[in-house]
Amino acid sequence: MSKLIKGLKAAVLAATLAGLGLAGYGYHQWQRLENLTITPGEHPLFVVHRGETALQLTGRLSPDLPLLHRRLWLKLHPELAAVRQGTYKLDENTRLREALTKFVNGDVYRLNVTLVEGLRLSDWQARLASAEYLEQELEGMSEAELAERLGAERDKLEGLFLPETYNYTPGDSDLDVLERAYGHMQDFLHEAWENRDADLPIKTPYEALILASIIEKETGVADERPMIASVFVNRLRRGMRLQTDPTVIYGMGEDYDGNIRKRDLQTHTPYNTYVIRGLPPTPIAMPSKEAIRAALNPAESKYYYFVAMGEDGRHYFSKSLREHNRAVRRYILNK
């Protein structure tokens, strides 16, 4: 039976070839090309350039294959003609037909880079610099120059990019990714601002970013963010200093060695919320969507203090300084 089927296939192909005027091409030659594996070269990524034809691509993928054979084989596969430009990943054992099918379907090779909340712009730039197959445009570019390229109104860009995972293809640049992250933040912040609670002590969307960045740095526990936000909102309403360590650390810059000393809490910087009143001048990190929502929709509480309870990252919230001091003795001083 198998011999009969194989014979029928050969007969049908022979008739097709004859109809196309390709009778000399031959069934065995056609079958060889159907199963031919490509020669992608040392690099696994293959770029289809704008305007390249399927015939040209078969020459690059199988350079030892005669032009006539490639041309005749493609006449039998008109569905493989409409290739799309892009960068594709081809394995060593990929068949020629599989490669062209991938080009026709536009199955380009996509990578991704995760830009994590709570980190600084400098941390993100380092992450982008190490991302594979991502072109580097940011090297040597100042923050003011980057702001100009983005069309940002501020030279200080901390907090103005939305943390998430960004897909890209080889040939995209680190600047391309940051442009998308900047645009996503602008869109999300506008939406969140429109849905904010009434009577917040926050006057602008930028102030919301500043507060959200502090919330982001103060807790790694997602469901605590609205309560942390309520503490800061309550303190702002009463004109109390925020007194939050992450702002002190940010203001210390390169001088921070992992420890905050009493003199650090007393040193005046624009970011030291133990000294200044209100919010610092800029965000201190990249805030997540959840932190921004918490800043604009805080929980309702009468808390003004909090202290970390242990290694799980959760906090004990207090309504009075006396209660807070007891919590500090219990959880920090172990008394």
Side-chain angles (χ1 to χ4, degrees), residues 114-124 143 147 150 152-154 156-166 178 180-238 240-251 270-274 276-301 303-306 308 313-315 317:
T114 300
L115 301 178
V116 180
E117 65 272 11
L119 298 183
R120 302 180 184 183
L121 176 58
S122 57
D123 299 318
W124 279 21
E143 194 166 346
L150 295 170
E153 298 178 357
R154 303 172 184 276
K156 185 68 173 175
L157 299 176
E158 200 76 86
L160 294 180
F161 305 91
L162 190 66
E164 58 184 31
T165 296
Y166 291 91
L178 281 187
R180 288 165 55 200
Y182 178 78
H184 287 192
M185 178 59 88
Q186 302 310 300
D187 293 342
F188 177 78
L189 184 59
H190 174 76
E191 176 189 347
W193 181 255
E194 292 299 312
N195 293 287
R196 69 190 184 280
D197 286 354
D199 301 322
L200 290 174
I202 301 170
K203 305 305 180 185
T204 66
Y206 189 66
E207 287 187 355
L209 278 183
I210 296 173
L211 179 56
S213 72
I214 297 173
I215 295 166
E216 192 71 69
K217 295 297 290 184
E218 279 288 7
T219 182
V221 181
D223 61 19
E224 274 197 345
R225 290 188 180 112
M227 192 63 73
I228 294 286
S230 77
V231 171
F232 291 131
V233 166
N234 289 342
R235 294 178 76 91
L236 288 170
R237 282 179 173 148
R238 288 189 58 176
M240 299 171 64
R241 294 184 177 91
L242 296 185
Q243 296 183 322
T244 169
D245 290 356
T247 63
V248 178
I249 294 170
Y250 192 84
Y271 292 89
N272 187 348
T273 52
Y274 284 84
I276 66 168
R277 292 188 182 276
L279 296 167
T282 74
I284 61 172
M286 302 296 181
S288 62
K289 290 181 177 180
E290 293 75 17
I292 295 170
R293 290 193 184 103
L296 293 172
N297 305 95
E300 292 187 15
S301 82
Y303 296 128
Y304 290 90
Y305 306 89
F306 59 83
R314 290 195 170 274
H315 294 81
F317 295 86

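Start at 1 with the first residue, then count along the sequence.
In this model, a donor atom of one side chain and an acceptor atom of the other lie less than 3.5 Å apart for Glu224 and Thr219.
Side-chain atoms of Thr282 and Pro270, non-hydrogen and from C-beta on, never get closer than 4.5 Å to each other. Here the side chains of Asp123 and Val116 are not in contact, with every heavy-atom distance at 4.5 Å or above. Using a 4.5 Å heavy-atom cutoff, the side chains of Met286 and Leu119 are not in contact. Residues Pro287 and Leu209 are in side-chain contact: their nearest non-hydrogen atoms beyond the backbone lie under 4.5 Å apart.
The main-chain N or O of Arg241 is found under 3.5 Å from a side-chain atom of Arg235 such that the two form a donor-acceptor pair. Side chain of Asn234 to backbone of Tyr304: no donor-acceptor contact under 3.5 angstrom is found. Within the 3.5 Å criterion, the main-chain N or O of Asn195 finds a donor-acceptor partner in the side chain of Asn297. With Thr247 contributing its side chain and Tyr271 its backbone, the two residues share a donor-acceptor pair below 3.5 Å. A donor-acceptor pair is defined here as one N or O able to donate and one able to accept, closer than 3.5 Å; such a pair exists between the side chain of Ser213 and the backbone of Ile284. At distances below 3.5 Å, not a single donor-acceptor pair connects side-chain atoms of Glu218 with backbone N or O atoms of Pro246. Under a 3.5 Å cut-off, the side chain of Asp187 and the backbone N or O of His184 do not form any donor-acceptor pair. Counting only distance, with no hydrogens or angles, the side chain of Asn272 and the backbone of Gly251 share no donor-acceptor pair below 3.5 Å.
Listed by first and then second residue, the salt bridge (charged side-chain N to carboxylate O under 4.0 Å, His left out) pairs that reach into residues 193-211 come to none, sequence neighbours excluded.
Atoms CH2 and CG, from Trp124 and Leu157 in turn, are 11.5 Å apart once rounded to the nearest 0.5 Å. Rounded to the nearest 0.5 Å, atoms CZ (Phe306) and CE (Met227) are 12.0 Å apart. The distance from atom OG1 of Thr114 to atom OH of Tyr166, rounded to the nearest 0.5 Å, is 10.5 Å. Of the inter-residue distances, the one linking Lys217 atom NZ with Ile249 atom CD1 reads 7.5 Å to the nearest 0.5 angstrom. Note: Arg237 CZ to Phe232 CZ = 14.5 Å, rounded to the nearest 0.5 Å. Taking CG of Leu279 as the start and CG of Leu236 as the end, the distance is 5.5 Å to the nearest 0.5 Å.
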Test side-chain contact (heavy atoms from CB on, under 4.5 Å) on Ile214 and Tyr250 and set out the steps.
-> CA-CA 10 Å; Ile214 297 173; Tyr250 192 84; over 6 Å; no
Go through Tyr206 and Leu160 one step at a time and tell me if the side-chain contact (heavy atoms from CB on, under 4.5 Å) criterion holds.
-> CA-CA 9 Å; Tyr206 189 66; Leu160 294 180; 3.9 Å; yes
Mind running side-chain contact (heavy atoms from CB on, under 4.5 Å) on Arg225 and Glu216 for me, showing each step along the way?
-> CA-CA 8 Å; Arg225 290 188 180 112; Glu216 192 71 69; 3.0 Å; yes
Might you work through the side-chain contact (heavy atoms from CB on, under 4.5 Å) test for Val221 and His315, ending with a clear yes or no?
-> CA-CA 9 Å; Val221 181; His315 294 81; 6.0 Å; no
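Summarising the geometry of Met185 relative to Gly159, their closest heavy-atom pair is CE-O, 3.7 Å, with the distance given to 0.1 Å. Closest non-hydrogen pair, Pro298 versus Ser230, comes out as CB-N, 3.9 Å. The minimum heavy-atom distance between Thr273 and Pro280, with the atom names listed, is CG2-CD, 4.1 Å.
At least one cation-pi condition fails for Arg180 and Phe161: the charged atom is not both under 6.0 angstrom from the six-membered ring centre and inside a 45 degree cone around its axis.
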